[in-house]
Chemist: 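One structure coming up, written as structure tokens, with questions to follow.
Just follow the structure's listing: the first ligand is 1, and inside any ligand the first atom is 1. Just so you know, these numbers use all the heavy atoms, side chains as well, and skip hydrogens, waters and symmetry mates.
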Amino acid sequence: MNKNETYEITIEDFTKDGEGVGHIEGMAVFVKDTVPGDVAVIKIIKLKKNYAYGRLMEVITPSRYRVEPVCDKARQCGGCIFQHVSYERQLEFKLKHVRDCLKRIGGIENADELITGICGMDEPYHYRNKAQFPVGRDKEGKVITGFYAGHSHNIIDTEKCFIQAKVNEEILACVRKYIEDYNITTYSEEEHKGLVRHVLTRVGFTTGEIMVCLVINGKKLPHSEVLVERLKGIEGMTSICLNVNTEKTNKILGNECITLWGEDYITDYLGDVKFRISPLSFYQVNPVQTEKLYGKALEYAGLTGSETVWDVYCGIGTISLFLAKKAKHVHGVEIVPEAIEDAELNSSINDITNTTFYVGKAEEVLPREYEKNGIHADVIVVDPPRKGCDIKALETIIKMEPKRIVYVSCDPATLARDVKWLSENGYELKCGEAYDQFCFSGHVETVVQLVNIGVKPDYTVRL
Ligand code: SAH
């Protein structure tokens with residue numbers, strides 16, 4: 001095999017990241033934008049000792065799972081990776097990935113039975129409630145907004161995105177016109193010059209409230225009153241603000257927000273729990289699927305009202321507040337102090353009084369509260385970041401001997417690693433389900449229930 005030469009290949013499978021993989025001369029070749037079953041012409045773009053990367057040049061015989069992307073920017077844009085794959089096949093890929101990780105890494109032989117299925121969306125489009133569009137200019141000086149190309153910071157001009165809220169089209173058209181009309185400068189990363197960096201939008205899917213926040217490399221936006229006047233005309237507009245980011249950084253948001261008009265937050269609901277969301281707050285981006293996922297976590301928690309529950313890695317307390325309505329008390333632990341402030345605020349606006357939140361590392365707070373302050377747990381929910389749970393946190397969790405552990409995970413590989421450890425330390429994986437929170441991306445969420453096998457589990461407890 002030679003670099004820059006073209007070959008015919010039959011795509012056999014997906015990699016864990018959703019690239020197609022086939023073989024040429026016995027060597028594995030990874031090809032983005034292909035689907036198992038495709039027969040295609042590819043060009044070798046990178047050749048390593050044991051594997052190679054190819055670029056799709058032409059599909060000769062399409063896989064039966066191949067579909068026409070709804071978005072004409074699909075191949076360039078670094079956002080979606082599965083626009084060319086039928087939704088059913090995406091779900092099949094994600095479910096298999098979860099089950100395979102649990103089998104291979106977790107040693108759970110019957111993972112196919114235990115992980116009962118994947119919950120997809122009826123309508124996998126326009127599901128995101130938050131978007132951050134970089135702003136720039138093309139070679140002719142025309143204002144462009146969109147998304148970055150894969151592995152780069154080149155802006156792909158996108159007027160229409162099929163996974164974002166539809167109202168963003170109107171918002172972006174309005175912001176672009178304002179920038180053109182008043183000749184406002186746009187930010188250039190290389191030169192660290194220019195004013196407007198990003199447009200952040202948030203939409204409360206339940207309330208219909210909308211926030212628009214312009215991230216600027218400065219403190220003042222010229223003629224902002226015109227922008228405000230124009231944006232106010234969009235139905236649902238509740239909050240228009242600026243975020244100041246004058247740093248030379250690829251972090252999108254700075255720490256300071258200036259409200260130009262309206263409130264400095266929007267509100268939204270997950271189930272019947274109300275959340276107040278500011279530009280800097282973390283909030284789940286797919287509220288429809290989050291509600292289903294957390295509903296399942298609650299079911300797996302099996303609460304009767306008398307339990308002390310820990311929500312470890314609690315963020316703004318989304319799961320904690322769901323649980324609090326059915327538990328005696330919920331303790332939440334989170335490393336980011338602002339998230340805990342939000343969690344406390346969200347508790348109080350919902351009149352929830354049976355929660356306590358702790359700022360700190362799970363691996364420090366849990367041992368401290370358990371060993372020094374004797375706080376116990378009937379049920380522990382964990383929702384860690386991609387790297388999974390810290391071993392110290394897991395060690396304390398098993399010492400606390402909760403009857404059930406509910407593990408919400410955004411990375412099947414680390415979930416499987418932690419499930420293996422927990423299985424070796426008195427807990428048995430009883431059931432689980434995968435959730436498609438990020439349709440058209442390669443990500444998958446999973447929730448599983450583990451039961452303390454020293455204690456007789458009570459399966460009659462269901463909501
Ligand atoms: N359930 C939460 C989101 C959890 S995401 C919600 O819905 O809001 C994982 C969270 O773990 C993040 O908020 C992150 O800040 C936090 N985190 C990361 N490392 C941590 C650690 N060592 N201890 C406690 N929290 C941590």
Chemist: Report the nearest protein non-hydrogen atom to atom 25 (N) of ligand 1: residue, atom name, distance rounded to 0.1 Å.
Modeler: I335 N, 3.2 Å
Chemist: Against heavy atoms of K361, which atoms of ligand 1 measure under 4.0 Å?
Modeler: 23 (N)
Chemist: Below a 4.0 angstrom heavy-atom separation, can you tell me which part of Y358, side chain or backbone, both or neither, approaches ligand 1?
Modeler: neither
Chemist: Between T355 and S347, does a side chain to side chain donor-acceptor pair (under 3.5 Å) hold up when you go through it step by step?
Modeler: CA-CA 7 Å; T355 51; S347 279; 3.0 Å; yes
Chemist: Show every side-chain hydrogen bond (donor to acceptor under 3.5 Å, both in side chains) that has at least one partner inside residues 106-132, sequence neighbours left out.
Modeler: K103-D112, T116-E433
Chemist: For ligand 1, is any non-hydrogen atom under 4.0 Å from V336's backbone (N, CA, C, O), its side chain (CB onward), both, or neither?
Modeler: side chain
Chemist: Which residue holds the protein heavy atom closest to atom 22 (N) of ligand 1, what is that atom called, and what is the gap in Å?
Modeler: E363 OE1, 3.2 Å
Chemist: What pairs meet the ring pair (Phe, Tyr, Trp, His ring centres under 6.0 Å) rule with one or both residues in residues 348-381, with sequence neighbours excluded?
Modeler: W310-Y358, H331-Y358
Chemist: When you check the gap from the basic side-chain N to the acidic O, do D272 and K325 get nearer than 4.0 Å?
Modeler: yes
Chemist: In plain terms, say whether E395 and K392 are close enough for a salt bridge, that is, a side-chain N and a carboxylate O under 4.0 Å apart.
Modeler: no
Chemist: Who's the nearest protein heavy-atom neighbour of atom 23 (N) of ligand 1, and how far?
Modeler: A362 N, 2.8 Å
Chemist: With a 4.0 Å cut-off, would you call E424 and K420 a salt bridge?
Modeler: yes
Chemist: Which residue and non-hydrogen atom of the protein lie closest to atom 8 (O) of ligand 1, and at what distance in Å?
Modeler: T318 OG1, 3.1 Å
Chemist: Which protein non-hydrogen atom lies closest to atom 10 (C) of ligand 1, naming both residue and atom, and how far is it?
Modeler: E334 OE1, 3.5 Å
Chemist: Got the closest protein heavy atom to atom 21 (C) of ligand 1, with its distance?
Modeler: Y313 CE2, 3.7 Å
Chemist: Where is the nearest protein heavy atom to atom 9 (C) of ligand 1: which residue, which atom, and how far?
Modeler: D383 O, 3.3 Å
Chemist: Please state which part of F282 comes within less than 4.0 Å of ligand 1, counting heavy atoms only: side chain, backbone, both or neither.
Modeler: side chain
Chemist: Do you know which two heavy atoms are closest between K94 and F438, and how far apart they sit?
Modeler: NZ-O, 3.2 Å
Chemist: For ligand 1, note which part of C314 has a heavy atom under 4.0 Å away: side chain, backbone, both or neither.
Modeler: backbone
Chemist: Indicate yes or no: does an N/O atom of P384 lie under 3.5 Å from an N/O atom of ligand 1?
Modeler: no
Chemist: Could you tell me whether the side chain of E169 and the main chain of K160 form a donor-acceptor pair under 3.5 Å?
Modeler: no
Chemist: To which protein heavy atom is atom 18 (C) of ligand 1 closest, and what is the distance rounded to 0.1 Å?
Modeler: P385 CG, 3.5 Å
Chemist: So that I know where these two stand, are F440 and F162 an aromatic pair - ring centroids less than 6.0 Å apart?
Modeler: no
